[in-house]
Amino acid sequence: VQLQASGGGLVQTGGSLRLSCAASGRTFSINTVGWFRQAPGKEREFVAAITMSGGSTYYAESVKGRFTISRDNAENTVYLQMNSLKPEDTGVYYCAGTRWVLTTYLNRYDYWGRGTLVTVSS
């Protein structure tokens with residue numbers, strides 16, 4: 001399975017960005033796609049996840065109400081719509097795939113894409 005994240009960039013506080021995660025290969029082996037982020041000098045943290053079959057979602061408290069994760073199974077793509085961005089949302093965003101259902105644990109994700117940088121200026 002290969003995952004490719006895109007859509008990062010520079011945005012002002014309060015702005016919006018939409019990230020995309022395109023999956024290819026043995027995508028049937030993935031039950032959940034998650035987004036994680038890593039700020040400079042900090043550990044990678046869970047942001048949001050979605051199941052590929054039923055579309056159930058789960059969010060970190062810090063992004064609930066501002067971020068929306070969605071999927072397009074026909075395109076094997078997962079999106080992360082980020083609104084009302086804050087400087088603390090700055091970091092490299094990664095998408096990842098797992099056989100687990102809606103897990104937030106980083107080490108349960110087997111497939112990782114390269115990250116895309118999101119910078120929110122104050």
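In this text, all values refer to a predicted model and were calculated from it rather than measured experimentally. We count residues from 1, following the sequence as given.
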Report summary line: In short, side chain to side chain donor-acceptor pair (under 3.5 Å) pairs touching residues 47-60 with sequence neighbours left out are none
**Report entry** Listed once per pair and sorted, the side chain to side chain donor-acceptor pair (under 3.5 Å) pairs that draw on residues 85-108, sequence neighbours left out
**Finding:** Arg37-Asp89, Arg37-Tyr93, Arg66-Asp89
**Report entry** Exam field: side chain Asp72 to backbone Glu75, donor-acceptor pair closer than 3.5 Å
**Finding:** yes
Looking at [atom1] of [X] and [atom2] of [Y], how far apart are the two atoms once the value is rounded to the nearest 0.5 Å?
{"X": "Thr32", "Y": "Ile50", "atom1": "OG1", "atom2": "CD1", "answer": "9.0 Å"}
{"X": "Leu102", "Y": "Asn31", "atom1": "CG", "atom2": "CG", "answer": "10.0 Å"}
{"X": "Ser16", "Y": "Gln81", "atom1": "OG", "atom2": "CD", "answer": "5.5 Å"}
{"X": "Phe67", "Y": "Leu80", "atom1": "CZ", "atom2": "CG", "answer": "6.0 Å"}

**Report entry** Quiz item: cation-pi between Arg18 and Tyr79, 6.0 Å / 45°
**Finding:** yes
Please give me the minimum heavy-atom distance between [X] and [Y], naming the atom from each residue.
{"X": "Thr77", "Y": "Ser20", "result": "CG2-CB, 4.3 Å"}
{"X": "Ala23", "Y": "Leu3", "result": "CB-CD2, 3.5 Å"}
{"X": "Trp35", "Y": "Cys21", "result": "CZ2-CB, 3.6 Å"}
{"X": "Ile69", "Y": "Val33", "result": "CD1-O, 3.9 Å"}
{"X": "Gly34", "Y": "Tyr109", "result": "N-CE2, 3.6 Å"}
{"X": "Leu19", "Y": "Gly8", "result": "CD2-N, 3.6 Å"}

Query raised in the report: Are Tyr111 and Ser29 close enough, and set up right, to give a side-chain contact (heavy atoms from CB on, under 4.5 Å), and what steps lead you there?
Result: CA-CA 10 Å; Tyr111 310 104; Ser29 63; 3.9 Å; yes
Report task. Determine, step by step, whether Glu43 and Phe36 satisfy the side-chain contact (heavy atoms from CB on, under 4.5 Å) criterion, reporting the C-alpha distance in whole Å, the side-chain angles of both residues, the deciding distance to 0.1 Å, and the verdict. Result -> CA-CA 10 Å; Glu43 293 186 352; Phe36 292 78; over 6 Å; no
Query raised in the report: According to a 4.5 Å side-chain heavy-atom criterion applied to Ile, Leu, Val, Met, Phe, Trp and Tyr, with indirect links allowed, do Val63 and Val11 form part of one hydrophobic cluster?
Result: yes
Query raised in the report: Do the side chains of Leu17 and Val92 join up, straight or via other hydrophobic residues, at under 4.5 Å, putting them in one cluster?
Result: no
Requested in this report: Using a 4.5 Å cut-off on heavy atoms from C-beta on, say whether the side chain of Ile30 contacts that of Val1.
Outcome: yes
Query - Residues forming a side-chain hydrogen bond (donor to acceptor under 3.5 Å, both in side chains) with Glu61, sequence neighbours excluded - result: Lys64
